[in-house]
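Side-chain atoms are counted along with the backbone in the values below, which use heavy atoms only and exclude waters and symmetry mates. Protein chains get the first letters and strands the later ones, always in sequence-line order, with residue 1 at the start of each.
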Protein chains: 2
Amino acid sequence: MGVPVSSANSLAVDDLGSAAQRDRRKRILDATIALASQGGFDAVQMRAVAEQADVALGTLYRYFPSKIHLLVSALQREFERTEIALRDKPVDGDTAADRVISALKRTTRGMQSDPQLTEALTRAFMFADASVAAEIHQVGMLLTAMVTRAMYPEGHEELTDEDVSIAQVIGDVWLSALVGWVTGRTSAAETGQRIEVAVRLVLRD
Amino acid sequence: MGVPVSSANSLAVDDLGSAAQRDRRKRILDATIALASQGGFDAVQMRAVAEQADVALGTLYRYFPSKIHLLVSALQREFERTEIALRDKPVDGDTAADRVISALKRTTRGMQSDPQLTEALTRAFMFADASVAAEIHQVGMLLTAMVTRAMYPEGHEELTDEDVSIAQVIGDVWLSALVGWVTGRTSAAETGQRIEVAVRLVLRD
DNA sequence: CGGTGAACTGGAACGTGTTCCTATTTTAGA
DNA sequence: TCTAAAATAGGAACACGTTCCAGTTCACCG
């Protein structure tokens, strides 16, 4: 794996030389988010995204090789924003469990305030296949980072293997719960409950 | 909710009066499994299923209102078979954790022996939306039943709320791990490892 | 047995993701 | 500044999920 970037992957921000290209990428993701939050997964139609981003269909596919790549990349951007926003706010709670629950609930609440968008991004994430592995991995890292930060609010010496495992389990449950909510199988309250129970089960200080 | 069954759902076996209909349904699911295990999700094309099942396309849609319904129903049937097969075999292991791990690993191994089929069924399961809630729920029940049975091998008096929560968490992790494997993000070994770690974390006897 | 409505067949047609092609514009280097 | 290469526009074409319809067969009731 040398310098040349992604063969079948989304163009990352770093790969884009010109400002015009960065701007195009931004416009595309903005259009994606706008359409998604208005009508969910089905409303994110490639022709509509291209039109709203003022870009040709072929160009859209040059930046994002599939609808799934597009949506997962949008998820990644949103997640990064959330993560940065959260980074400064002090997480309240005395125990690790309390802090993790608080952080996750805050995030969950944020997603639930825009159900259509959440539906679109979550479905894309779950439907992604091997070709989206890189983007998916990024999101996974962000998620476990968010959890471990809540576990150890101050810059911490070192994460043990168990810490990472715990964060991973919590991430898994959170995703499953989110899918359940997105697909209308569980209510918002149940979703929060399910996450809380899992965290307390795994994080008994 | 009166007697009339599902408006937008798959025709359940019980709803089918004639033997010919039961047979058609079986042929359709057989064709689905065959195509899926040969080429995965993408190979399960509705026209191909119809042809291989010797049924008209319209009839296929009469039995299963979408590709997702079709695949989730296939998953349900496979899962029921697995569950029944497992029901008799005694689960070995001294602790609940050991037994659950053993049972899940056996199931996982079974799925990994037919990767394409597993990919097709898992992707469908994760992509399913609200209209498939009924079928999804069935599968979820089977899964937690499998886990709780491993926890308490003998017919047990009563499951506590915590028991159910534990089973649910384990189910969530198992699904996430499976998705990771299906999408090529984690190897088979890592998948088993991840499940084992989670179970031991949640089931400390 | 005849009739009636449901189920099935065969296939056309439509929508949306994806691919592909040509003409035009932008960018980078000499 | 001029030129070659890369990127973009615009849009046709294709694949597959889904819908729909006309004609036929099947199952059940009188």
Side-chain angles (χ1 to χ4, degrees), chain A residues 4-11 15-28 31-32 35-36 39-74 120 123-124 127-129 131-132, chain B residues 4-11 15-28 31-32 35-36 39-74 120 123-124 127-129 131-132:
Chain A
V5 281
S6 51
S7 48
N9 275 14
S10 316
L11 265 53
D15 303 347
L16 297 166
S18 84
Q21 285 176 318
R22 259 192 301 281
D23 188 57
R24 263 192 209 94
R25 191 188 139 99
K26 176 179 183 318
R27 285 206 312 273
I28 291 173
T32 303
L35 287 167
F41 187 88
D42 291 338
V44 181
Q45 302 187 356
M46 300 306 268
R47 290 171 180 84
V49 172
E51 187 179 1
Q52 182 151 338
D54 202 30
V55 141
L57 189 54
T59 306
L60 172 53
Y61 272 94
R62 159 174 266 283
Y63 280 71
F64 302 96
S66 78
K67 174 171 174 172
I68 298 295
H69 281 85
L70 173 59
L71 280 167
V72 173
S73 298
R123 307 250 326 264
F127 194 61
D129 69 349
S131 73
V132 205
Chain B
V5 281
S6 49
S7 50
N9 275 14
S10 316
L11 265 50
D15 304 346
L16 297 166
S18 83
Q21 284 176 320
R22 259 191 301 280
D23 188 57
R24 262 191 212 97
R25 191 188 140 99
K26 177 179 182 317
R27 286 205 312 272
I28 292 173
T32 303
L35 287 166
F41 187 87
D42 290 337
V44 181
Q45 303 187 355
M46 299 306 267
R47 290 173 178 82
V49 171
E51 188 179 0
Q52 183 151 340
D54 202 31
V55 141
L57 189 55
T59 305
L60 172 53
Y61 272 95
R62 161 174 266 282
Y63 280 73
F64 302 95
S66 78
K67 174 171 174 172
I68 299 294
H69 280 84
L70 173 60
L71 280 166
V72 173
S73 298
R123 306 250 325 266
F127 195 61
D129 69 349
S131 73
V132 206

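If you measure from atom CZ of A/Arg22 to atom P of D/dA7, you get 15 Å, rounded to the nearest angstrom. Protein atom CG of A/Leu70 is 12 Å distant from nucleotide atom C1' of C/dG17, rounded to whole Å. One interatomic measurement links the two molecules: CZ of B/Arg62 to P of D/dC21, which rounds to 15 Å at whole-angstrom precision. Nucleotide D/dG17 holds its C1' atom 10 Å from the CZ atom of B/Phe41, rounded to whole Å. In this structure, A/Tyr61 atom OH and D/dC14 atom P are separated by 17 Å, rounded to whole Å. If you take CG of A/Asp54 and P of D/dA9, they are 7 Å apart, rounded to a whole angstrom. Between the CG atom of A/Leu60 and the P atom of C/dT18 there is a distance of 10 Å, rounded to whole Å. With rounding to whole Å, A/Phe127 atom CZ is found 11 Å from C/dG17 atom C1'.
Within the 4.5 Å cutoff, the side chain of A/His69 has no heavy atoms near those of the A/Tyr63 side chain. When side chains are defined from C-beta on, B/Leu70 counts as touching B/Met46, because their heavy atoms get closer than 4.5 Å.
The minimum heavy-atom distance linking B/Lys67 with B/Phe41 is given by the pair NZ-O, 3.1 Å.
Comparing C/dA13, D/dT19, C/dT19 by their nearest atom to the side chain of B/Leu57 picks out D/dT19. Between D/dT18, C/dG17, D/dT8, one nucleotide has an atom nearer to the side chain of A/Gln45 than all others, and that is C/dG17. Of all nucleotides listed (D/dA9, C/dT19, D/dA13), D/dA9 comes nearest to the side chain of A/Thr59. Checking D/dT18, C/dG17, C/dC8 against every side-chain atom of B/Arg24, the shortest atom distance belongs to C/dC8.
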Side chain to side chain contact (heavy atoms under 4.5 Å, CB included) between B/Arg22 and B/Arg25, worked out
CA-CA 5 Å; B/Arg22 259 191 301 280; B/Arg25 191 188 140 99; 5.7 Å; no
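Residue-level contact check: A/Val49 touches neither bases nor backbone, having no heavy atom under 4.0 Å from any strand.
For C/dA7, neither phosphate oxygen OP1 nor OP2 lies less than 4.0 angstrom from any side-chain nitrogen or oxygen of B/Tyr63. For the OP1/OP2 pair of C/dT26 and a distance below 4.0 Å, the side-chain nitrogens and oxygens of A/Gln21 include no atom meeting the criterion.
Taking only distance into account, the side chain of B/Arg47 meets the base of D/dT18 through a donor-acceptor pair shorter than 3.5 Å.
The aromatic rings of A/Phe127 and B/Phe127 lie tilted to each other, with the angle between the two planes from 30° to 60°.
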